[in-house]
Q: 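Please read through the structure below; I'll follow up with questions.
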Amino acid sequence: MERKKIKEVLKAGQVGEKILVKGWVRTKRGSKNVQFIALNDGSTILNLQVVAEIENFKEDFLKDINSGASLAVTGELVKSKGTEQSVELNATEITIYGKADPDKYPIQPKRHTLEFLRENAHLRFRTGTFSAVFRVRHAMAFAIHNYFNFKGFYYLNTPLITASDAEGAGQMFRVTTLPANNPPMTEEGKVDFSQDFFGGSTNLTVSGQLEGELGATALGEIYTFGPTFRAENSNTTRHLSEFWMIEPEMAFYNLKDNMDLAEDFLKYLIKYALDNCIDDLEFLTKRLHQEEKNKPQAERSMDLMEKLKFVLNDKFVRCTYTEAIDILKNSKQNKKGKFHYPVEWGVDLQSEHERYLVEKHFGKPVILIDYPKDIKAFYMKMNSDNKTVAAMDVLFPQIGEIIGGSEREADYDKLLKRMTEIGVPAKSMWWYMDTRRFGSVPHSGFGLGFERLVMFMTGMGNIRDVIPFPRTPKNAEF
RNA sequence: UCCCCAAUAGCUCAGUUGGUUAGAGCGACGGACUGUUAAUCCGUAGGUCGUAGGUUCAAGUCCUACUUGGGGAGCCA
C-alpha cells in the first residue's frame, strides 16, 4: 500500500478508506480497552489520531509505543468519536521502526524551555514549535525565489571564499590550508600567505554585494541568497556567526525604486506565509500568547497574526535621518533625559532610538533614508548636499533593522574620492571600479537578513531558534 | 568585548538569619478507569546541589576563580 502524508489525510481523506501512514509518536494516552496515539510525520503541525484497540494488539507491543518512537500504521480512516478531530485512523497493523526509551529520550510530552531545546538542537525538530518554525523558514526561502523569479531577477551565486578584505562589514573568518602550528614565514616575520592555497590571504565572505553589482550591471536585476560569515564576538538574540542573507541588486533603480521594491517584497513574503502556512502561524500565535501570559501587561506585544496583518496592510513610513533626529530631539523621552545615548545630528542611531521611532512614535515599520555619509559605507551615493548619502534602513518592531540598502555611487571620480578619504584600497578592487569605468549606470540594492525575517514571521525572540544549527561564539556543536 | 542575572531530580523551579533525613509540579514507571485530547485518580523510583578552591564546629545557602546558559549594550543583517 502506498504511504500517505498526514497533511493529505487530514485535508482530503475519505471515511472508509484504507490507508498507510508513517511518522513519529507525539503522545499516547488511553484506558483499559483502547489506546490513542498522536502521530506526526512533519508534513503538518497537526497530528493524526491513531486508535489502537487493546484486543487487536499484544500488551507488551503497545508498551513500546512511547513518545518519539517511529511507526508505520495501516488501518481504516473513520469518523472520530472525539471532538478535537474530524477523522482518525483505526489501526489494524502497526510496525515499530524504532523505539524511544522514555527514560532517556529528552523530548517528553511536556512544556520544555527554548533554552533546553537549543541544547538538544538535534532533536528539537520533533517539537511542534520547531517543526512549525522550520516549515515557515522553508516557505520563506521558496517565496523569495518565487518573488524574484516572477520579477525577472536572476539568482546569482557570489563566492563564499573571497580575497577581498575591504568590504568593511565586520571581522572575517580566515580560510587557509597553511599549518596552524608552524606556518611559512616571510623575511619580515609575517605569515607568508603567498604559499597559501589561493596564493594570498583569503576569508569567508561577509557580503556578496560587491560581486552582486558586477552581475546587476549586465544582467539588469540579480539577487543573491546564501550564507554569510561574521567573526564578530556578538552575543545577542539578533546575531549569528553564520547566517543567510538575500541581496538584490538592480541596475537603473534609484533610492525610491529601491524602497518600493523592499516594501513590496516584504509584504509579498508576509502574504505568502499567511496564504501557505496558516496552521503553523496559528500554532505559533497560540504558543506566543501562552508565553506572554506570564509577562506583565505593559510588556506584552501584539498577537503574531495581528502583527503580520498589521504590517501587511499599512504603508511603511518614509522619513529622512534628519527628520528622525528632530523627532527624537523633541520627544518627551529625550526631554526627560530617558535616552541612554544622546541624540545629535551625525551620530548613529542606537537601538533605543530606532525602537522609539518604530514602536512609540510611528507605530509601524519605518524606512529611514539619507544618513550622514560618515556613518555609512563608501559605496553609497552622495546626495547633492554633500553631507548625506542615499542610504535606506527598514526598521521593524522588536527586531530592529531588517533591511539595509542604498543607491550606489555610480560616478567613478566621486567613488574613488570617497574611497581615498576613508582608506579603502581602490587598487585591489580594480574589478569593482571597472563597473564605473565602463557603461556605469545608476543602480541600487539592499540586504535582508533571512533569519531576522524568519524571526519576524514566527514571533521567535532568539535568532538561534530560527536556524537549524546556530553558529555563535563558543558554539558550533551539531 | 562590557554590564546584570542564573546554575538544586529527566524538565521547570522552591529551599528561611549557615544547623538533623534536600522538597513540589510536570515527565517517567506500576496500578485503576467504557473513547482519550499535554486525559483523570492512586502509588513508586529518581539528587556527588555546575567545577575547583576558601571561610566555618557545620555550606545547597557565605567568599574567590573558572565554565556554561540567559537578558541587556556595542558591532550589524
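Convention: sequence-line order gives letters A, B, ...; per-chain numbering from 1. Keep in mind that this is a model prediction, so the values were computed, not measured.
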Q: With ring pair (Phe, Tyr, Trp, His ring centres under 6.0 Å) as the criterion, how do H443(A) and Y253(A) come out once you've worked through the C-alpha distance, each side chain's angles and the decisive distance to 0.1 Å?
A: CA-CA 5 Å; H443(A) 64 287; Y253(A) 271 51; over 10 Å; no
Q: Residues from residues 234-248 of chain A sitting under 4.0 Å of RNA chain B, heavy atoms only?
A: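 Nucleic-acid contacts, sorted: S234(A), N235(A), T236(A), T237(A), R238(A), H239(A), L240(A), F243(A), M245(A).
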Q: For a 4.5 angstrom cut-off between non-hydrogen side-chain atoms, does M250(A) reach N258(A)?
A: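 Answer yes - side chains close enough.
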Q: Could you check whether E421(A) pairs with R418(A) (Lys NZ or Arg NE/NH1/NH2 to Asp/Glu carboxylate O, under 4.0 Å)?
A: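 Yes, this pair counts.
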Q: Under 4.0 Å from OP1 or OP2 of U37(B): is there any side-chain N or O of T27(A) that close?
A: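 For U37(B), OP1/OP2 do not have a side-chain N/O of T27(A) under 4.0 Å.
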Q: Centre of Y321(A)'s six-membered ring, under 6.0 Å away, within 45 degrees of the axis: is that where NZ or CZ of K376(A) sits?
A: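 Judged by the rule (NZ or CZ under 6.0 Å from the ring centre, within 45° of its axis), K376(A) is not positioned above Y321(A).
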Q: Checking contacts here: which listed nucleotide (G70(B), G35(B), U1(B)) is nearest the side-chain heavy atoms of E115(A)?
A: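 The answer is G70(B), which lies nearest to the side chain.
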Q: Identify which nucleotide among A39(B), U12(B), C75(B) has an atom closest to any side-chain atom of T113(A), counting heavy atoms from C-beta outward.
A: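 Selected nucleotide: U12(B).
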Q: Choose from G35(B), A28(B), C33(B) the nucleotide whose nearest atom is closest to any side-chain atom of F36(A).
A: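 Ranking G35(B), A28(B), C33(B) by closest atom to the F36(A) side chain puts G35(B) first.
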Q: Between residues 66-91 of chain A and RNA chain B, which residues have a heavy-atom gap below 4.0 Å?
A: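 Here the set is N66(A), S80(A), K81(A), G82(A), T83(A), E84(A), Q85(A), E88(A).
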Q: Does K110(A) make a side-chain N or O approach to OP1 or OP2 of C11(B) shorter than 4.0 Å?
A: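 No, outside the criterion.
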Q: Looking at E88(A) and K79(A), does any basic side-chain N land under 4.0 Å from a carboxylate oxygen?
A: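 So E88(A) does not pair with K79(A) through a salt bridge.
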Q: Is the closest basic N to carboxylate O distance between K151(A) and D264(A) below 4.0 Å?
A: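 The answer is yes: the pair qualifies as a salt bridge.
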Q: Any chance you could encode RNA chain B as dot-bracket? Rule is Watson-Crick or G-U wobble with both distances under 3.5 Å; [ ] for pairs crossing earlier ones, | for another strand.
A: (((((((..((((.....[...)))).(((((.......))))).....(((((..]....))))))))))))....
Q: Here's a test of your reading of the structure: between E451(A) and P473(A), which maps to the more 5' nucleotide of RNA chain B?
A: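 Taking each residue's closest nucleotide, the earlier one in sequence belongs to P473(A).
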Q: Look at K4(A) together with E17(A) and state whether they make a salt bridge at an N to O cut-off of under 4.0 Å.
A: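 The answer is yes: the pair qualifies as a salt bridge.
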Q: Hey, is K286(A) close enough to E282(A) for a salt bridge, meaning N to O under 4.0 Å?
A: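 Judged by the 4.0 Å cut-off on N to carboxylate O distance, K286(A) and E282(A) do not form a salt bridge.
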Q: Which nucleotide, G74(B), A28(B), G71(B), lies nearest any side-chain atom of P102(A)?
A: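 Minimum distance to the P102(A) side chain belongs to A28(B).
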Q: Compare the minimum distances between each of G71(B), U12(B), A73(B) and the side chain of F116(A), then state the nucleotide with the smallest one.
A: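 In terms of side-chain proximity for F116(A), the closest of G71(B), U12(B), A73(B) is U12(B).
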Q: Could you check whether Y223(A) and H145(A) have their ring centres less than 6.0 Å apart?
A: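 Aromatic pair counts; centres sit under 6.0 Å.
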Q: Return the nearest nucleotide to the side chain of R29(A); candidates are G35(B), A28(B), A39(B).
A: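 Of the options given, the side chain of R29(A) lies nearest A39(B).
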Q: With sugar-phosphate meaning primed atoms plus P, OP1 and OP2, does R287(A) contact a base, only sugar-phosphate, or nothing at under 4.0 Å between heavy atoms?
A: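 Answer is nothing: R287(A) stays at 4.0 Å or more from every strand.
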Q: Within the modelled atom types, does a donor on one side and an acceptor on the other bring the side chain of Q49(A) and the base of U36(B) under 3.5 Å apart?
A: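 Yes, a donor-acceptor pair under 3.5 Å.
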Q: How far apart are the closest heavy atoms of I402(A) and L448(A), and which atoms are they?
A: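 In this case the closest contact between I402(A) and L448(A) is O-CD1, 3.4 Å.
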Q: Would you please indicate if the ring centroids of F148(A) and F265(A) are separated by under 6.0 Å?
A: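 Yes, close enough.
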Q: Closer than 4.0 Å, any side-chain N/O of N120(A) to the OP1 or OP2 of G10(B)?
A: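 It does not, given that no N or O in the side chain of N120(A) lies less than 4.0 Å from OP1 or OP2 of G10(B).
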Q: Using modelled atom types only, decide if a donor and an acceptor are shared between the side chain of K267(A) and the backbone of D314(A) within a distance under 3.5 Å.
A: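 Judged by distance alone, yes, a pair lies under 3.5 Å.
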Q: Nearest nucleotide by nearest heavy atom, which residue falls closer to the 5' end of RNA chain B, G447(A) or H112(A)?
A: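 With H112(A) and G447(A) compared, the 5'-side residue is H112(A).
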